[in-house]
Amino acid sequence: MHIVRKYNLFKGDVNAVVDFGIADKAKYADGWIYNSETNKKMSFASPMSVFTYMAKRGWEYKDAIISTESNGLKGKQNVWHFILTKEMPINCTPEDIIGDIDYRNK
């Protein structure tokens, strides 16, 4: 699973795009973590608060990868991809992997 850090330009918060590695087609590979109560994308104070949220659900930090991506008018920007892992049984289901995270594809 990886988390891509995305900043909201209008607020000083972070939204997390997640890929749990369970999609059967690439276009469904990543989605957002949602707040079920507000029905909106979950806002985090910082990347560390995303780690805290995921750690409470059994995920552990393993690595970070930086890639440079083109971003239209802004030119190029660095995007952090954080690699997290969680121990699962061999016959686990997507529901086992996602757990209580409200995860929705883009």
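Residue numbers run from 1 in the order of the sequence given.
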Could you grab the distance from atom OG1 of Thr85 to atom CD of Glu87, nearest 0.5 Å is fine? 8.5 Å
Ring centres of Phe20 and Tyr103 under 6.0 Å apart? yes
Atom pair CD1/NZ of Ile83 and Lys62 - distance to nearest 0.5 Å: 12.0 Å
Is there a side chain to side chain contact (heavy atoms under 4.5 Å, CB included) between Phe51 and Leu84 once you walk through the steps? CA-CA 9 Å; Phe51 291 137; Leu84 305 177; 3.8 Å; yes
Rounded to the nearest 0.5 Å, the CG atom of Asp102 sits from the NZ atom of Lys41 at a distance of 13.0 Å
Which heavy atom of Ile33 sits nearest a heavy atom of Met54, and at what distance? CD1-SD, 4.2 Å
Working to the nearest 0.5 angstrom, can you tell me the gap between Lys40 NZ and Asn35 CG? 10.0 Å
Would a 4.5 Å heavy-atom cut-off, applied to side chains only, mark Met42 and Tyr34 as touching? no
Should Ile101 and Tyr53 count as side-chain neighbours, where that means a heavy-atom distance under 4.5 Å? yes
Does the side chain to side chain contact (heavy atoms under 4.5 Å, CB included) test come out yes or no for Thr93 and Ile22, once each step is laid out? CA-CA 9 Å; Thr93 66; Ile22 58 176; over 6 Å; no
Would you confirm whether Lys86, through its side chain, and Arg57, through its main-chain N or O, come within 3.5 Å as a donor-acceptor pair? yes
How far does CD1 of Ile97 sit from CH2 of Trp59, to the nearest 0.5 angstrom? 6.5 Å
Here the gap from Ile66 atom CD1 to His81 atom NE2, rounded to the nearest 0.5 Å, amounts to 9.5 Å
